[in-house]
Amino acid sequence: MSKIIYTLTDEAPRLATYSFLPVVEAYAAKAGVDVETRDISLAARILAQFPDRLSDEQFEADALAELGELADTPEANIIKLPNISASVPQLKAAIAELRSQGFDLPDYPDEPQTDDERDVRARYDRVKGSAVNPVLRQGNSDRRAPASVKQYVRNHPHRMGAWSSDSKTNVATMGVDDFRSNETSTIVPDEGAVSIEFTGADGSTTVLRDAVKVRAGEVVDATVMHVKPLREFFVAQIARAQSEGVLFSVHLKATMMKVSDPIIFGHAIRAYFSEAFEKHGADLQAAGLNPNDGLGALLDGLDALPNGDVIRAAFQGRLDNGPEMAMVDSDRGITNLHVPSDVIVDASMPAMIRSSGHMWGRDGQEHDTLAVIPDSSYAGIYQTVLDDCRAHGAFDPTTLGSVPNVGLMAMAAEEYGSHDKTFQAPGAGTIRVLDASGATLLEHDVEEGDIWRMCQTKDAAIRDWVGLAVTRARATGAPAVFWLDPARAHDAVLTGLVNTYLAELDTDGLQIEILSPVEAMSFSLERIRRGEDTISVTGNVLRDYLTDLFPIMELGTSAKMLSVVPLLFGGGLFETGAGGSAPKHVTQLVKEDYLRWDSLGEFLALAASFEHLASSTGNARAQILADTLDRATATFLDENKSPARSVGSIDNRGSHFYLALFWAEELAAQTEDAALAADFASLASTLRGQEETINGELIGVQGSPVDIGGYYRPDDAKASAVMRPSATLNEALASL
Ligand SMILES: NC(=O)C1=CN([C@@H]2O[C@H](COP(=O)(O)OP(=O)(O)OC[C@H]3O[C@@H](n4cnc5c(N)ncnc54)[C@H](OP(=O)(O)O)[C@@H]3O)[C@@H](O)[C@H]2O)C=CC1
Ligand SMILES: O=C(O)CCC(=O)C(=O)O
Ligand SMILES: [Mg+2]
């Protein structure tokens, strides 16, 4: 039997699954396709770490590990919805919820002292941050907006905030003493292992990491961010924001860069509240309160301190009188520095660019902003976009071309695979990468606390990425631009390899360029404003940034993207959209029984998954499901059946009903498989006939609070009841 794995994740996409999966299962069964689920939510991943503390009924299998193995086989066909990449505050909240549900989980040890605590901490660290995607993404990524989606946007453009030529919004970045400027890179000739050592000023040596496996031809880089200049940089930018009269805002990726970026975030907090830390830093440290977890966690922890009120007043005084901070939620006083996972650069910069270069101030109004992105590796691309908007105004979705992406992502490529090779220097000295013979491959001088990291990029991944770029250029006729920075050591090495591998491929008649990120951005922006398409071919981080940036400009949200990962061993991973898990949508559902999550990404991923299944197993009915779903999605877009935003109109559930209706009609109308058509004929006519009743049932329930039994681990029965309120629709599906 052909099999698709549909992942259960978190927040809005998980809730949407309660409603959409029954449709998928019912339709797929008619083609002999088995749809199995695997729970890779944050809650399930936590539980899977503690089998020894759970009862038999509570046992949770390690589905992520299983899928990681599956991804390396040709049979893999996995639909992956966005999941939470947990910051420490989120992890603690999930642990607390699971305990309240009767799971005997240990506390998260902030500063583990005993072996037992170190073991617990190591288990929690395995689920922290971006822990899912790097395991499943055993291939490079192909993210793009399908033609039908572009057409939809031309008919139904989203709102774009107007830009003024005198906007004071800018990006601030270090440019020296940072990861970009200190990068060194080499190609490892043979398979083997390297080690990472710290040598102190006194000559003593500590092994930071032993036996990091390397393959022949692999690119290995090392770099360091010096924290003293980082702190001086933050202090200078805080002053600059104040003197320019703009909001101060920090944009990091504390989820995916789960070791380095929380530390950088902590330095931003120390710099902003420098006086409070001078006075009370020792007390905070003694109480185990760490700025790396965010201002919110610091303030929450103060209640337990005898002088907590005094410290709170010091923080509040600075917020009241200091340079104005960008707010995540001005009504509730949540600043940009409250939670490390709240302002994630890939989504937050495009959101700012979409709204006239503004962020929210504490007055609840929009203001120009200084967006602080400490490392200069990628910050320049955003300054280019800001300058472009100042010069030419906001982007117009009705005339914009497209910038799809081919991203180097396989085998934990580049920065996003560096967490287990990222260290804070234990003192002043040198950190070296050594080969098996003890020869130094790469080295940096460091001061105490400096953030040092090593990255790896496998040759097989690079070759596949270059090949995928050429395939996409050939398929579309659009120019393909490799975004590689000659001033960066890693990019210079990659440029050599790209040229070598391009020479081995048929590129006749294709336009292929290699440009620095800033030049590539200017080139792509000029073309996109003329309505032309340009394929961006980038490393892992720019893949992440650009596949939120361009979709949010072009489509209003990256949820409308097709996001395919052709796995290196022949399987397929189909991600839904390119964005996140939209936490605020859950709040809205619980408050007023309205879910505005747009499942278009799921529809697109599902069609691609059926198509892959058809070609890998020869299941002709799977191809029919793919083709009819494609046509149904086009009708869905034409008739604008995406969720609206507020109570009284169709939401996520209503959008699933319409997709089910259009899909059943397409299946009934197709002529390739008469038996399949007959199977769907009566469902199609029932759904069409009952449209008004079903809509009445789906919209009728909206407006009052609902109970889904948990945020991180909803109760299946309760959440399913909330997400499937139409008895008529449920009966029709059951009768198929
Ligand atoms: N692939 C993955 O697994 C990814 C996971 N994440 C994780 O998701 C969480 C939240 O990340 P965050 O950066 O806030 O980004 P999100 O994309 O979840 O949310 C940003 C905003 O985008 C809009 N949006 C996103 N998806 C949809 C959708 N399907 N339908 C309608 N609107 C949508 C909503 O806002 P608006 O009002 O502007 O429309 C939403 O509030 C984090 O834990 C993060 O790590 C993030 C990225 C990818
Ligand atoms: O894995 C994550 O934390 C987020 C992934 C992401 O943002 C992306 O792939 O676009
Ligand atoms: Mg992203």
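Values below: every heavy atom of this structure, side chains too, minus hydrogens, waters and symmetry copies. Indexing begins at 1, ligand by ligand and atom by atom, following the structure's order.
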Exercise. Check each atom of ligand 1 against the heavy atoms of A582 and keep those under 4.0 Å away; list them by number with element.
Key: 16 (P), 18 (O), 19 (O)
Quiz item: If you measure only the distance, is there a donor-acceptor pair under 3.5 Å linking the side chains of R596 and Q588?
Solution: no
Quiz item: Could D491 and R180 be called an ion pair, given the rule that one side-chain N must be under 4.0 Å from one carboxylate O?
Solution: no
Quiz item: With a 4.0 Å cut-off, strictly under, does atom 33 (C) of ligand 1 pick up any protein heavy atom?
Solution: yes
Practice problem: Any chance you could measure D420, atom CG, to K258, atom NZ, to the nearest 0.5 Å? | Solution: 9.0 Å
Practice problem: Record the part of A347 in heavy-atom contact with ligand 1 below 4.0 Å; permitted values are side chain, backbone, both and neither. | Solution: side chain
Practice problem: Could you check L562, T633, L637, D598 and say which one makes a side-chain contact (heavy atoms from CB on, under 4.5 Å) with F603? | Solution: T633
Practice problem: Mind checking whether N133 contacts ligand 1 via backbone (N, CA, C, O), side chain (CB onward), both or neither, at a 4.0 Å heavy-atom cut-off? | Solution: side chain
Practice problem: Closest by any non-hydrogen atom to atom 7 (C) of ligand 1: pick that one out of N83, T255, V132, I552. | Solution: N83
Quiz prompt | Distance, nearest 0.5 Å, that separates OH of Y545 from CZ of F550 | solution = 14.5 Å
Self-check item: Expected output: side-chain T369 to main-chain T169 donor-acceptor under 3.5 Å
Solution: no
Exercise. Would you mind listing which atoms of ligand 1 come within a distance below 4.0 Å of any non-hydrogen atom of I84?
Key: 43 (O)
Quiz item: Considering only heavy atoms of K584, which atoms of ligand 1 have at least one such atom less than 4.0 Å away?
Solution: 35 (O), 37 (O), 41 (O)
Quiz item: Who passes side chain to side chain contact (heavy atoms under 4.5 Å, CB included) against N640, sequence neighbours left out?
Solution: Y152, H156
Self-check item: Polar side chain donor-acceptor pair, S87 to S341, under 3.5 angstrom
Solution: yes
Quiz item: Is there a donor in the side chain of S402 and an acceptor in the side chain of D533, or the other way round, less than 3.5 Å apart?
Solution: no
Exercise. Determine yes or no for a side-chain-to-main-chain donor-acceptor pair under 3.5 angstrom, with R143 supplying the side chain and S563 the backbone.
Key: no
Exercise. With heavy atoms of R645 as the reference, note each atom of ligand 1 found under 4.0 Å away.
Key: 36 (P), 37 (O), 39 (O)
Quiz item: Any protein heavy atom under 4.0 Å from atom 4 (C) of ligand 1?
Solution: yes
Self-check item: Closest protein heavy atom to atom 44 (C) of ligand 1, given as residue, atom name and distance to 0.1 Å
Solution: I344 CD1, 3.9 Å
Practice problem: Walk me through it: do H338 and T335 pass the test side chain to side chain donor-acceptor pair (under 3.5 Å)? | Solution: CA-CA 5 Å; H338 264 66; T335 72; 2.8 Å; yes
Quiz item: Does P82 offer a backbone N or O that forms a donor-acceptor pair with the side chain of S581 under 3.5 Å?
Solution: no
Quiz item: Under the 3.5 angstrom rule, does the side chain of N140 hit a backbone N or O of A410 as a donor-acceptor pair?
Solution: yes
Quiz prompt | Flag: protein heavy atom within less than 4.0 Å of atom 22 (O) of ligand 1 | solution = no
Quiz item: Does ligand 1 have an atom that lies less than 4.0 angstrom from a heavy atom of H585?
Solution: yes
Quiz prompt | atom 27 (C) of ligand 1: the protein heavy-atom neighbour that sits closest, reported with distance to 0.1 Å | solution = W597 CZ3, 3.6 Å
Quiz item: At the 4.0 Å heavy-atom cut-off, does K80 count as touching ligand 1?
Solution: yes
Quiz prompt | Non-hydrogen atoms of I40 and L136 that approach each other most closely | solution = CD1-CD1, 4.2 Å
Quiz prompt | Of all pairs that satisfy salt bridge (charged side-chain N to carboxylate O under 4.0 Å, His left out), the ones with a partner from residues 344-356, not counting sequence neighbours | solution = K253-D346
Quiz item: For atom 18 (O) of ligand 1, is the nearest protein heavy atom under 4.0 Å away?
Solution: yes
Self-check item: Ring-ring centroid check W483 Y378, cutoff 6.0 Å
Solution: no
Practice problem: Could you give me a count of protein N/O/S atoms that are under 2.8 Å from the Mg ion (ligand 3)? | Solution: 2
Quiz item: Between the candidates S655, S581, P350, which shows the shortest non-hydrogen contact distance to atom 9 (C) of ligand 1?
Solution: S581
Exercise. Measure from atom 1 (N) of ligand 1 to every heavy atom in S348, A351, G579, A578 and give the option owning the shortest one.
Key: G579
Quiz item: What residue and atom, counting heavy atoms only, is the protein's closest point to atom 24 (N) of ligand 1, and at what distance?
Solution: T557 OG1, 4.1 Å
Exercise. Specify whether F20 and H656 have parallel, tilted or perpendicular ring planes, treating 30° as the upper limit for parallel and 60° as the lower limit for perpendicular.
Key: tilted
Quiz prompt | Proximity of R596 to ligand 1 by residue part, where a heavy atom lies under 4.0 Å | solution = both
Quiz item: Counting both backbone and side chain atoms, is some N or O of Q90 under 3.5 Å from an N or O of ligand 1?
Solution: no
Practice problem: Determine, step by step, whether Y658 and N695 satisfy the side chain to side chain donor-acceptor pair (under 3.5 Å) criterion, reporting the C-alpha distance in whole Å, the side-chain angles of both residues, the deciding distance to 0.1 Å, and the verdict. | Solution: CA-CA 10 Å; Y658 278 103; N695 265 330; 2.7 Å; yes
Quiz item: Is S85 close to ligand 1, meaning an N/O of one under 3.5 Å from an N/O of the other?
Solution: yes
Quiz item: Quick one: which ligand 1 atoms are inside 4.0 Å of a heavy atom on P583?
Solution: 10 (C), 18 (O)
Practice problem: Could you tell me which atoms of ligand 1, counted from 1 in the order shown, lie closer than 4.0 angstrom to a heavy atom of A559? | Solution: 26 (N), 27 (C), 28 (C), 29 (N)
Quiz prompt | Short N or O distance, E11 and ligand 1, threshold 3.5 Å exclusive | solution = no
Practice problem: Taking atom 47 (C) of ligand 1 as the reference point, report whether a protein heavy atom occurs under 4.0 Å from it. | Solution: yes
Practice problem: Would you mind telling me if ligand 1 is within reach of the side chain of D598, the backbone, both or neither, using heavy atoms under 4.0 Å? | Solution: both
Quiz item: Hey, does S341 sit under 4.0 Å from ligand 1 if you only count heavy atoms?
Solution: no
Quiz prompt | Check against side chain to side chain donor-acceptor pair (under 3.5 Å), Y416 and N133 | solution = CA-CA 10 Å; Y416 286 168; N133 289 322; over 6 Å; no
Quiz item: When you measure from the side chain of N336 to the backbone N and O of S249, does any donor-acceptor pair fall under 3.5 Å?
Solution: no
Quiz item: Please state which protein non-hydrogen atom is closest to atom 6 (N) of ligand 1 and give its distance, to 0.1 Å?
Solution: G580 CA, 3.4 Å
Quiz item: What distance do L21 atom CG and E602 atom CD have between them, rounded to the nearest 0.5 Å?
Solution: 10.5 Å
Self-check item: OH-CG distance between Y711 and L42, expressed to the nearest 0.5 angstrom
Solution: 10.5 Å
Contact table, ligand 2 N/O with protein N/O, distance under 3.5 Å:
unit_1, atom_1, unit_2, atom_2, d
ligand 2, 1 (O), S130, OG, 2.7
ligand 2, 1 (O), N133, ND2, 2.5
ligand 2, 3 (O), S85, OG, 2.5
ligand 2, 3 (O), S130, OG, 3.4
ligand 2, 7 (O), K253, NZ, 2.9
ligand 2, 7 (O), D346, OD2, 3.0
ligand 2, 7 (O), D544, OD1, 2.9
ligand 2, 9 (O), R137, NH1, 3.0
ligand 2, 9 (O), R137, NH2, 2.8
ligand 2, 9 (O), R143, NH2, 3.0
ligand 2, 9 (O), R543, NH1, 3.0
ligand 2, 10 (O), R143, NH1, 3.0
ligand 2, 10 (O), D544, OD1, 2.8
ligand 2, 10 (O), A578, O, 3.4

Self-check item: Structural part of K253 in contact with ligand 1, heavy atom criterion under 4.0 angstrom
Solution: neither
